[in-house]
Structure formats: C-alpha cells, structure tokens
Enquirer: 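Mind looking over this structure? Questions follow.
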Number of protein chains: 2
Amino acid sequence: MSDAANHTGVVNAGCPVTVTVDVIGGKWKGVILYHLSSGAKRFNELRRLMPSITQRMLTLQLRELEVDGVVHREIYREIPPKVEYSLTSFGETLKPILFMMRDWGIKNEEVIVTNRNTMLDAGREE
Amino acid sequence: MSDAANHTGVVNAGCPVTVTVDVIGGKWKGVILYHLSSGAKRFNELRRLMPSITQRMLTLQLRELEVDGVVHREIYREIPPKVEYSLTSFGETLKPILFMMRDWGIKNEEVIVTNRNTMLDAGREE
DNA sequence: CTGGATCCATGATGATACTG
DNA sequence: CAGTATCATCATGGATCCAG
C-alpha cells in the first residue's frame with residue numbers, strides 16, 4: 001500500500017466540482033476514460049493509444065477508476081493472458097463531460113499554443 | 001524556473017482530451033475556474049472559497065491559467081492592495097464543462113463515497 | 001509474450017514563515 | 001492584502017524484475 005492513493009479520501013471540500021475532479025482528475029484519468037468511451041480496450045491497447053504513459057501509471061490509474069466504480073476489469077484466463085477494461089454503466093455517465101473536453105480540445109488547441117508562446121515572450125522582455 | 005511548470009509544454013500527445021486536461025487539469029484549476037465562473041473574485045476571496053488550498057498553490061495555478069489565457073488578472077494600485085481575477089472571454093468557453101462537472105459531482109457524490117468504501121472493504125478480506 | 005510489481009529519481013504539491 | 005521563499009512530502013516517471 002501507500003502507493004496509488006491519488007484521491008483525497010474526503011472527496012469533498014464544500015465544492016461539487018472537487019468531487020468530479022477527484023474522480024476524473026490527475027494527469028491521465030480523463031484520457032483513459034475517453035479512450036474507453038469508444039469501447040472496451042485491452043491493457044496494451046491503451047498503452048498504444050497513450051504512448052507517453054508508463055505501465056506503472058496506467059495500472060495505478062485503472063485501479064483507482066475501478067475503485068470509484070467507473071471502470072470494469074474483465075480477466076480472460078487464456079494463453080496468452082488477456083485483460084479488458086471498459087466503462088461501467090456508472091462510468092458511462094461521464095461521457096458528456098469527456099466529449100465536451102474532447103471538443104474543447106479540438107477547437108482550442110491552436111489558441112492554447114499561441115497564448116502560451118505570447119505570454120512567455122511577453123515575460124521575457126520585462 | 002523549475003517550479004510551477006505544470007503543463008506538459010507540448011500540449012498534445014495525439015489526443016484532444018489531453019489538451020483540455022493540460023489547461024483545466026491538476027488538483028485545483030477546475031475548482032478555481034468554477035468559482036470564477038460566477039464572477040470576478042479577489043485573491044483572498046478565492047482562498048475562503050477553497051479553504052484547503054495553500055497561498056502558494058493558488059498563486060501558481062492562477063499564473064498558469066493566466067498564461068493559458070483563460071484567466072485575467074486586474075491589479076488595483078490602492079492601499080490596501082487589491083487584485084481581482086476573472087475569466088477571460090476565452091475562459092468563458094470552459095463554462096459548459098465546468099457546469100457539467102459541478103452537476104455530475106452533485107448527483108454522484110454519495111455514489112462515489114459508497115463505491116470507495118465497498119471496494120476497500122472487498123479488498124480487505126481477500 | 002502480456003499484465004503487473006518493485007526500486008529509485010524527478011517533479012508537483014503542501015506547510016510555514018516572511019515581505020512590499 | 002496579496003503575495004514570495006524555503007523546506008518537506010507526495011504523485012509521477014523510468015528502468016527493471018516477476019508471474020502466468
């Protein structure tokens with residue numbers, strides 16, 4: 001233990017947004033859930049979709065999503081082994097948020113890059 | 001430098017959700033933006049709304065939100081000093097996401113708490 | 001060969017004290 | 001009031017090792 005205890009535990013600090021952040025927050029959970037929103041995926045399939053996540057982090061984040069009841073883990077005892085992850089019906093309720101995040105990202109990626117460059121340049125000449 | 005450089009820098013890893021996570025992700029940004037969505041707030045006003053954030057983190061996160069162009073910082077040169085933070089018009093485009101996160105949190109807080117307790121109990125007896 | 005665990009390094013976040 | 005400085009802790013990354 002002692003590892004993989006990302007979420008606050010208390011969940012709330014008087015703000016409903018905190019609850020949601022505690023479930024889909026962190027660096028990877030949103031992206032993982034988004035990939036699962038288009039159907040069940042195997043462990044290494046998820047890795048291919050997120051080339052920069054480490055095995056360790058993928059495992060940990062999937063465990064937390066399981067604990068929160070938004071992701072289901074199905075183990076097929078075959079050779080070679082196979083583990084499939086999917087959204088639970090509860091996890092499906094997050095889809096609207098995930099799709100909005102996807103759409104916002106598509107629409108505003110350029111803007112963000114520009115803003116960051118502009119602000120950094122501005123900072124340089126003070 | 002070396003501190004307060006939360007966002008990836010590259011923004012994208014082939015996934016649009018990553019872009020959005022990079023802007024509103026982290027432990028606090030979503031909550032900060034949500035509180036600003038109901039109007040401009042002063043620094044200590046935000047602290048009161050988020051009793052568990054530290055001054056340091058609030059400052060750092062607000063700076064990053066500024067760099068990304070979603071938050072505006074207005075300085076009033078008075079005694080005592082006064083600084084007001086507000087959403088930019090670009091930042092306003094995040095409101096639908098923030099409100100969905102709020103609504104999901106309100107509706108599912110209980111479920112999350114229950115799920116976590118259930119899973120932890122289940123884990124105990126293996 | 002797939003899924004996952006362990007060890008150690010780095011970066012993000014927290015706590016406290018202090019300043020214009 | 002609105003921060004900054006410094007130090008401690010926790011989450012995340014990287015490499016490697018283990019089980020089926």
Side-chain angles (χ1 to χ4, degrees), chain A residues 1-10 13 18 21-32 40-67 71-86 123, chain B residues 1-10 13 18 21-32 36 40-67 71-86 123 126:
Chain A
M1 194 129 60
S2 85
D3 221 349
N6 195 1
H7 35 59
T8 319
V10 180
T18 308
V21 169
D22 209 48
V23 175
I24 71 172
K27 195 167 178 177
W28 298 109
K29 287 178 181 175
V31 187
I32 294 172
K41 301 271 180 303
R42 299 184 55 173
F43 188 84
N44 277 347
E45 208 169 344
L46 286 171
R47 283 192 70 193
R48 276 189 294 277
L49 290 167
M50 300 176 280
S52 55
I53 196 175
T54 60
Q55 261 181 325
R56 171 189 161 75
M57 271 306 113
L58 184 52
T59 303
L60 292 176
Q61 303 297 80
L62 284 168
R63 284 298 177 288
E64 290 196 14
L65 292 168
E66 248 190 293
V67 170
V71 161
H72 173 69
R73 181 174 181 234
E74 186 72 36
I75 306 165
Y76 298 87
R77 302 206 161 277
E78 312 169 349
I79 308 291
K82 174 175 164 183
V83 180
E84 249 186 17
Y85 294 91
S86 57
Chain B
M1 205 152 30
S2 87
D3 221 350
N6 196 359
H7 35 59
T8 319
V10 181
T18 308
V21 168
D22 209 48
V23 175
I24 71 172
K27 195 167 178 177
W28 298 108
K29 286 178 180 175
V31 187
I32 295 173
L36 292 181
K41 301 274 181 301
R42 300 182 57 171
F43 188 85
N44 276 347
E45 209 170 343
L46 286 170
R47 283 192 71 193
R48 274 189 294 277
L49 290 167
M50 299 176 279
S52 56
I53 195 174
T54 60
Q55 266 179 322
R56 169 190 162 77
M57 272 304 114
L58 184 52
T59 303
L60 291 174
Q61 303 297 79
L62 284 168
R63 288 295 178 286
E64 290 196 11
L65 292 168
E66 249 190 293
V67 169
V71 161
H72 173 68
R73 182 175 181 235
E74 186 72 36
I75 307 164
Y76 299 87
R77 302 206 159 278
E78 313 169 350
I79 308 290
K82 174 175 167 184
V83 179
E84 250 188 16
Y85 294 90
S86 56
E126 298 187 53

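Please read these numbers as outputs of a predicted model, since none were measured by experiment.
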Enquirer: Measure the distance from CG on B/Leu58 to P on C/dT16 and round it to the nearest whole Å.
Expert: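 It works out to 17 Å between those atoms.
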Enquirer: Looking at CH2 of B/Trp28 and CG of B/Leu62, how far apart are the two atoms once the value is rounded to the nearest 0.5 Å?
Expert: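 If I round to the nearest 0.5 Å, the distance is 12.5 Å.
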Enquirer: Can you check the B/Ile79 CD1 to D/dA2 P distance for me, whole Å?
Expert: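 Taking CD1 of B/Ile79 and P of D/dA2, I get 12 Å after rounding.
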Enquirer: Using a cut-off of less than 4.0 Å, is there contact between a side-chain N or O of B/Lys27 and OP1 or OP2 of D/dA11?
Expert: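 Indeed not, no polar side-chain atom of B/Lys27 lies that close.
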Enquirer: Measuring from A/Arg42:CZ to A/Glu74:CD, what's the distance to the nearest 0.5 Å?
Expert: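 Separation between the atoms: 13.0 Å.
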Enquirer: Over how many whole Å does the gap from B/Gln61 atom CD to D/dT4 atom P extend?
Expert: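 Taking CD of B/Gln61 and P of D/dT4, I get 14 Å after rounding.
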Enquirer: Which whole-number value in Å describes the distance from B/Leu46 CG to D/dC1 P?
Expert: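 Value for this atom pair: 14 Å.
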Enquirer: To the nearest Å, give me how far apart CG (A/Asp22) and P (C/dT13) are.
Expert: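 These atoms are roughly 14 Å apart.
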Enquirer: Just how far, in rounded Å, is P of C/dG11 from CE of B/Met57?
Expert: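 Rounding to the nearest Å, CE of B/Met57 and P of C/dG11 are 15 Å apart.
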Enquirer: Reckon B/Trp28 has a side-chain N or O less than 4.0 Å from the OP1 or OP2 of C/dA12?
Expert: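 No, B/Trp28 has no side-chain N/O under 4.0 Å of OP1/OP2 on C/dA12.
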Enquirer: Where do N or O atoms of nucleotides 2-5 of chain C meet protein N or O atoms at under 3.5 Å, pair by pair?
Expert:
{"unit_1": "C/dG3", "atom_1": "OP2", "unit_2": "A/Asn44", "atom_2": "N", "d": "3.0"}
{"unit_1": "C/dG3", "atom_1": "OP2", "unit_2": "A/Asn44", "atom_2": "OD1", "d": "3.2"}
{"unit_1": "C/dG3", "atom_1": "OP2", "unit_2": "A/Asn44", "atom_2": "ND2", "d": "2.9"}
{"unit_1": "C/dG4", "atom_1": "OP1", "unit_2": "A/Arg63", "atom_2": "NH2", "d": "3.1"}
{"unit_1": "C/dG4", "atom_1": "OP1", "unit_2": "A/Arg73", "atom_2": "NE", "d": "3.1"}
{"unit_1": "C/dG4", "atom_1": "OP1", "unit_2": "A/Arg73", "atom_2": "NH2", "d": "2.1"}
{"unit_1": "C/dG4", "atom_1": "OP1", "unit_2": "A/Tyr85", "atom_2": "OH", "d": "3.3"}
{"unit_1": "C/dG4", "atom_1": "OP2", "unit_2": "A/Tyr85", "atom_2": "OH", "d": "3.0"}
{"unit_1": "C/dG4", "atom_1": "N7", "unit_2": "A/Gln55", "atom_2": "NE2", "d": "3.4"}
{"unit_1": "C/dG4", "atom_1": "O6", "unit_2": "A/Gln55", "atom_2": "OE1", "d": "3.1"}

Enquirer: Measure from CD on A/Glu64 to C1' on D/dT12 and round the result to the nearest Å.
Expert: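 In whole Å, D/dT12 C1' lies 12 Å from A/Glu64 CD.
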Enquirer: With nearest nucleotides of DNA chain D determined for A/Arg77 and A/Thr54 from heavy-atom distances, which residue corresponds to the more 5′ nucleotide?
Expert: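 Its nearest nucleotide lies further toward 5', so the answer is A/Thr54.
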Enquirer: Who are the side-chain hydrogen bond (donor to acceptor under 3.5 Å, both in side chains) partners of B/Gln55, not counting sequence neighbours?
Expert: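 Listed in chain order: nothing, the list is empty.
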Enquirer: Once you round to the nearest 0.5 Å, how far does CD1 of A/Ile53 lie from CD1 of A/Ile32?
Expert: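 The CD1 atom of A/Ile53 sits 4.5 Å away from the CD1 atom of A/Ile32.
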Enquirer: Checking B/Arg73 now: which residues fulfil side-chain hydrogen bond (donor to acceptor under 3.5 Å, both in side chains) with it, not counting sequence neighbours?
Expert: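 side-chain hydrogen bond (donor to acceptor under 3.5 Å, both in side chains) check on B/Arg73 returns B/Tyr85.
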Enquirer: About how many Å separate NZ of A/Lys82 and CD1 of A/Ile75, when rounded to the nearest 0.5 Å?
Expert: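 If I round to the nearest 0.5 Å, the distance is 13.0 Å.
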